[in-house]
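First the proteins, then the strands, lettered A, B, ... as listed; each starts at 1.
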Number of protein chains: 4
Amino acid sequence: MTSSKKPDKYYAILEGALRVFAEHGYHRSQVSKIAKEAGVADGTIYLYFKRKEDILTSLFREKLGELVDKFNAGLDEKMTAREALQKVCCIHFSELENNLPLAYVTQIELRQSDLELRKEIGLAVKPYIVLIENILKKGVHDGSFRSNLDVKLVRLLLFGAMDEVVTSWLISGQKYSLSAQAPAAIEFFMNGLTG
Amino acid sequence: MTSSKKPDKYYAILEGALRVFAEHGYHRSQVSKIAKEAGVADGTIYLYFKRKEDILTSLFREKLGELVDKFNAGLDEKMTAREALQKVCCIHFSELENNLPLAYVTQIELRQSDLELRKEIGLAVKPYIVLIENILKKGVHDGSFRSNLDVKLVRLLLFGAMDEVVTSWLISGQKYSLSAQAPAAIEFFMNGLTG
Amino acid sequence: MTSSKKPDKYYAILEGALRVFAEHGYHRSQVSKIAKEAGVADGTIYLYFKRKEDILTSLFREKLGELVDKFNAGLDEKMTAREALQKVCCIHFSELENNLPLAYVTQIELRQSDLELRKEIGLAVKPYIVLIENILKKGVHDGSFRSNLDVKLVRLLLFGAMDEVVTSWLISGQKYSLSAQAPAAIEFFMNGLTG
Amino acid sequence: MTSSKKPDKYYAILEGALRVFAEHGYHRSQVSKIAKEAGVADGTIYLYFKRKEDILTSLFREKLGELVDKFNAGLDEKMTAREALQKVCCIHFSELENNLPLAYVTQIELRQSDLELRKEIGLAVKPYIVLIENILKKGVHDGSFRSNLDVKLVRLLLFGAMDEVVTSWLISGQKYSLSAQAPAAIEFFMNGLTG
DNA sequence: CATGAATGAGAATTCATTCAT
DNA sequence: CATGAATGAATTCTCATTCAT
């Protein structure tokens with residue numbers, strides 16, 4: 001047993017679910033279809049997940065964890081805050097652009113949840129939000145961002161702005177390049193409408 | 001299309017649905033519960049709406065129409081682009097802060113829909129997005145915003161940023177004032193992180 | 001609406017359930033089979049019964065109520081306690097002998113229940129037990145039974161004795177006449193082993 | 001058939017099942033729970049029992065065998081029929097009163113079976129019924145009981161009467177002493193209502 | 001003999017929708 | 001127009017049983 005504590009079937013089911021959710025949407029994805037896609041029996045799902053909803057949240061947790069890992073891997077202590085934020089935005093757009101099923105699940109399926117589930121999802125997003133916050137703090141500290149920045153608010157503004165761009169691109173049918181939006185978005189983040 | 005075409009029961013059902021959706025979430029709201037809340041028989045619902053989903057989209061269309069009306073009423077040709085955007089942001093936050101059921105439905109329930117429905121919802125949001133776009137264009141035109149602004153992208157950034165702030169406030173349990181976030185948000189929109 | 005408060009379908013479902021339970025046993029009787037037997041849709045069952053188990057208890061309550069009615073109809077204030085008890089025993093045996101599905105359900109199916117349900121069933125049997133008790137009291141009062149009779153205990157002994165005879169007859173495959181056992185049973189009730 | 005044929009795990013499983021059945025009831029007792037209680041793997045159960053139902057019947061056979069052994073041990077050739085019957089009734093009540101899990105299983109759980117199983121159980125009860133019958137025959141033979149006794153019927157009456165008293169005591173929550181009922185029961189058995 | 005992960009058949013229940021009144 | 005009783009399709013989850021190790 002290596003550092004990854006979960007058995008192979010756990011991941012097989014998640015990957016199956018990712019594909020099925022992306023194609024049919026959460027509510028239209030029967031557990032039996034996920035099982036078939038994962039190559040396991042229906043009952044096996046319940047050895048690894050307490051209920052159908054758990055597949056959704058686990059999927060999100062795992063995938064978002066991977067994303068945060070990629071963000072961390074792409075960042076560097078020596079980067080300026082501005083460079084770090086550029087990197088985050090580029091990774092955010094390019095990762096979802098290059099993994100359409102993941103994009104569907106994060107932007108569409110995972111929002112199909114009630115308040116309770118949204119709170120759980122909020123927890124999973126937290127590390128990413130915190131990552132953004134830390135970049136903001138660093139920028140404020142080294143003087144590259146303004147000193148009166150409300151970091152708690154601005155981290156939401158940044159996340160929400162990027163998130164909406166992704167969703168809009170997805171719903172539009174991916175008719176244009178998502179990652180190509182990064183420079184203009186970053187320019188807006190840095191200088192706003194007037195600068 | 002005038003607003004007076006629809007009979008009273010149409011609106012009674014929508015208001016009932018708003019309350020029920022806000023309390024239980026879309027997927028947990030039975031049609032019969034909406035009917036009871038609206039004071040009509042179950043079958044009556046189907047005289048006004050083709051299916052349950054139609055209630056959701058109609059609700060959204062109506063409510064968002066009201067919001068856009070309020071935006072339009074709050075704006076004035078003589079305002080500067082900056083003033084207009086300030087107004088939009090303040091209305092966006094205060095309207096949802098003062099109408100919690102509406103906030104639940106727009107931020108949580110309406111997202112509980114698959115891709116098909118999301119496209120429809122996108123259409124309903126369009127007028128608001130366009131409204132923002134027009135303000136941006138005006139600002140670019142009169143020189144108060146930068147000339148190289150990518151208005152198609154920035155309108156999404158603005159909408160997404162505001163939207164995320166509202167959702168976050170809602171999920172957090174409305175522990176703070178939403179409308180109090182407006183000045184700092186606008187400051188960010190105008191000057192970005194560096195200005 | 002006459003004195004019987006329940007709609008026809010309520011009884012149709014109970015009669016269907018009686019037949020299906022008798023043939024397959026409670027645990028092997030699917031709700032859908034009961035529905036088909038009753039000539040209603042599956043969902044209709046749930047308009048009249050909260051859950052499958054409710055059909056079983058309601059069936060028991062109704063049928064035992066009918067039996068108690070028959071006991072009461074068969075009894076007469078002017079009867080001696082001995083005559084009343086004879087009557088009770090004869091009715092007990094003949095009613096079940098002449099209604100085999102009912103006998104199956106009361107003697108076999110209804111026992112297939114856990115402690116919780118058994119308590120509920122106990123409540124339904126109570127009126128019958130009380131009826132026996134009243135006869136005993138009367139007999140003690142008028143001197144035809146011994147004065148030191150522990151009526152609370154003896155009512156159980158009588159019920160249990162008759163009940164076992166019925167069950168045994170049923171399990172044996174009804175190879176002999178059940179009602180023919182009544183005289184000897186009554187003789188035992190009256191005079192015991194020694195008299 | 002000696003009693004030492006079965007390996008330890010056979011009995012470990014039965015004892016585990018006794019505890020689990022007593023706490024949760026037969027239908028709510030998962031095989032895996034019995035396995036855990038017995039300290040064996042799920043699959044091991046199937047090395048000793050063909051199916052879940054077999055655990056129930058085996059349990060009953062074993063436990064009833066023990067009871068019959070105790071009856072036999074408590075009886076004595078030199079006893080009168082009356083004394084023997086007294087003894088049987090006292091043992092019947094006291095054994096179950098002093099072994100609550102056993103009482104639950106015999107009075108409640110074992111009844112949760114369909115006709116087929118009930119017949120098997122009937123076979124297991126047979127030795128006890130025969131034991132009672134033999135006492136009756138002896139009594140008739142030595143003149144202490146009436147000569148016209150229908151022993152086939154009366155053995156059922158006696159068993160059913162005692163059985164009902166036990167079940168009633170159990171369902172009531174054991175609020176009173178079960179064994180204290182023996183004298184009055186025996187008095188009834190001997191002299192009936194009138195004597 | 002023993003294990004326990006994997007299986008997959010099986011059934012109760014819900015609820016959007018219809019339609020006879 | 002309005003009703004609400006009736007419908008029945010649809011799906012999650014459980015758990016007895018198996019079998020490769």
Would you indicate what B/Phe49 reaches in the nucleic acid, counting non-hydrogen atoms under 4.0 angstrom: base, sugar-phosphate, or nothing? nothing

Considering the options A/Lys33, A/His27, A/Arg28, which one meets the side-chain contact (heavy atoms from CB on, under 4.5 Å) requirement together with A/Gln30? A/Lys33

Given F/dA6, F/dT17, E/dA16, which nucleotide is nearest the side-chain atoms of B/Gln30? E/dA16

A/Lys9 side-chain proximity, nearest of F/dC13, E/dA2, E/dT7: E/dT7

A/Lys33 has an atom NZ; how far is it from atom C1' of E/dG8, in whole Å? 18 Å

Result of checking B/Leu64, B/Thr57, B/Leu56 against B/Phe60 for side-chain contact (heavy atoms from CB on, under 4.5 Å): B/Leu64

Has C/Lys6 got its NZ or CZ under 6.0 Å from the middle of the six-membered ring of C/Tyr48, at an angle within 45 degrees of the ring axis? no

With nearest nucleotide decided by heavy atoms, which residue, C/Ala41 or B/Ile45, maps closer to the 5′ end of DNA chain F? B/Ile45

Atom-pair distance (CD on C/Glu53; C1' on E/dA11), nearest Å: 15 Å

In whole angstroms, the gap separating P of E/dA6 from OH of A/Tyr10 amounts to 15 Å

Can you identify which nucleotide, out of E/dT17, F/dA16, E/dT13, has its nearest atom closest to the D/Lys52 side chain? F/dA16

Is it the case that the side chain of D/Lys52 and the backbone of D/Ser29 share a donor-acceptor pair, with hydrogens and angles ignored and the cut-off at 3.5 Å? yes

Do the side-chain N or O atoms of D/Tyr48 get closer than 4.0 angstrom to the phosphate oxygens (OP1, OP2) of E/dA2? yes

N/O donor to acceptor pairs below 3.5 angstrom from side-chain atoms of residues 35-42 of chain A, sequence neighbours left out:
unit_1  : atom_1 : unit_2  : atom_2 : d
A/Glu37 : OE2    : A/Arg19 : NE     : 2.6

All N/O pairs under 3.5 Å across the protein-nucleotides 18-21 of chain E interface:
none

Rounded to the nearest 0.5 Å, the CD atom of C/Glu66 sits from the CG atom of C/Asn99 at a distance of 9.0 Å

Let me have DNA chain F in dot-bracket notation, would you? Count Watson-Crick plus G-U wobble pairs, both distances under 3.5 Å, and use [ ] for pairs crossing earlier ones and | for inter-strand partners. .||||||||||||||||||||

Answer yes or no: is there a side-chain heavy-atom contact under 4.5 Å between B/Thr106 and B/Lys63? no

Is it true that A/Tyr10 and A/Glu15 share a donor-acceptor pair across their side chains at a distance under 3.5 Å? no

B/Leu47 side-chain proximity, nearest of E/dT17, F/dC1, F/dA6: F/dC1

Residue that, paired with A/Val31, satisfies side-chain contact (heavy atoms from CB on, under 4.5 Å) out of A/Ile13, A/Val20, A/Ile45: A/Ile45

May I have the distance from C/Arg28 (atom CZ) to E/dA9 (atom C1'), rounded to whole angstrom? 15 Å

Separation of F/dA6 C1' from C/Asp8 CG (nearest whole Å): 15 Å

Which listed nucleotide (E/dT17, E/dT3, E/dA12) is nearest to the side chain of D/Val40? E/dT3

In whole angstrom, give the distance that lies between atom NE2 of A/His24 and atom C1' of F/dA10. 16 Å

For D/His27 and E/dA11, what is the distance between atoms NE2 and C1' respectively, to the nearest whole Å? 14 Å

Does F/dT12 have its OP1 or OP2 closer than 4.0 Å to a side-chain nitrogen or oxygen of A/Arg51? no

C/Tyr26 side chain to C/Glu53 backbone, donor-acceptor under 3.5 Å: yes

Measure the distance from OH on A/Tyr26 to P on F/dT11 and round it to the nearest whole Å. 13 Å

